[in-house]
Number of protein chains: 2
Amino acid sequence: MDNDVRELRGAAGLSQQALGERLGVSRQTINAIEQGRYDPSLPLAIRLARFFGRAVEEVFHCDD
Amino acid sequence: MDNDVRELRGAAGLSQQALGERLGVSRQTINAIEQGRYDPSLPLAIRLARFFGRAVEEVFHCDD
DNA sequence: GGGTCATGTAAAAGGAGCTTTACATTGTGG
DNA sequence: CCACAATGTAAAGCTCCTTTTACATGACCC
């Protein structure tokens, strides 16, 4: 399950810290998600997708 | 965070057991999600939405 | 060289997701 | 009445998500 968070964040010109603050999570959480160390919870995934104006499926890609 | 799983499952004519088998989770998991006892993981939410031909955001509604 | 910003990473701790096993209720059909 | 299917629920246990604190790196500016 990989995702486009890093690209979208870069395009938005935000640091991991700044994005975390906007979404109410720590920068380590953003970092872990970008690196695919784990998947976000469903509510966080929805907040992330909505923040970037995308559908959840567009941001997070299942590999199956 | 509530969802439309029960309605969609009913419309599909499937038991909780049958739906769980299709998605690779236990019937208790389906039951808990339908009752809002907890949110599914992101991969399960995506599988559920895809199974019903909907977007994740259409099936799971954030209350914020 | 010293400060700061952005990022990577790690450990400990707590809460959430999911499993299995098990028991209870309700309804339906023989 | 007796199965049987569908659902609700509970406990124990494991893994995953997220936090906090902390240290380390490289880039960049003064």
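Throughout, a chain's letter reflects where its sequence line sits, starting with A, and its residues are numbered from 1.
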**Q.** Selection: residues 30-46 of chain A, any non-hydrogen atom under 4.0 Å of DNA chain C
**A.** A:Asn31, A:Gln35
**Q.** Of residues 9-16 of chain A, the positions that come close to DNA chain C - non-hydrogen atoms, cut-off under 4.0 Å
**A.** A:Arg9, A:Ser15, A:Gln16
Approximate separation, where rounding is to 0.5 Å, of [X] [atom1] and [Y] [atom2]:
X	Y	atom1	atom2	answer
B:Gln16	B:Glu21	CD	CD	12.5 Å
A:Arg9	A:Leu19	CZ	CG	7.0 Å
A:Ile30	A:Arg27	CD1	CZ	11.0 Å

Which whole-number value in Å describes the distance from [X] [atom1] to [N] [atom2]?
X	N	atom1	atom2	result
A:Arg47	D:dC17	CZ	P	15 Å
B:Arg6	D:dA6	CZ	P	14 Å
A:Arg27	D:dT19	CZ	C1'	13 Å

Q | By side chain to side chain contact (heavy atoms under 4.5 Å, CB included) - contacts of B:Thr29 (at least two apart) | A | B:Val25, B:Ser26, B:Ile33, B:Tyr38, B:Leu44
Q.
List the residues meeting side chain to side chain donor-acceptor pair (under 3.5 Å) with B:Glu7, not counting sequence neighbours, and say none if there are none.
A. none
Q: Name all residues meeting the salt bridge (charged side-chain N to carboxylate O under 4.0 Å, His left out) criterion together with B:Arg6; count only those two or more places apart in sequence or in a different chain, and write none if there are none.
A: B:Glu34
Q: Would you work out how much the helix from C:dG1-D:dC30 to C:dG30-D:dC1 bends between its ends, with each end axis defined by five base pairs, to 10 degrees?
A: 30°
Q) So do A:Leu48 and A:Asn3 actually touch side chain to side chain, heavy atoms under 4.5 Å? A) no
Just list the side-chain donor-acceptor pairs under 3.5 Å for residues 52-61 of chain B, sequence neighbours left out, or say none.
residue	atom	partner	partner atom	Å
B:Glu57	OE2	A:Val56	N	2.8
B:Glu58	OE1	B:Ala55	N	3.1
B:His61	NE2	B:Asp4	OD1	3.2
B:His61	NE2	B:Asp4	OD2	3.1

Q: Please report the closest heavy-atom contact between A:Pro40 and B:Leu42, naming both atoms and the distance.
A: O-CB, 3.5 Å
Q) If you take all heavy atoms of B:Cys62 and B:Met1, which pair is closest and at what distance? A) SG-SD, 3.9 Å
Q.
I'd like the 5' and 3' limits of the part of DNA chain C contacted by chain B, with heavy-atom contacts below 4.0 Å.
A. C:dG17 to C:dA22
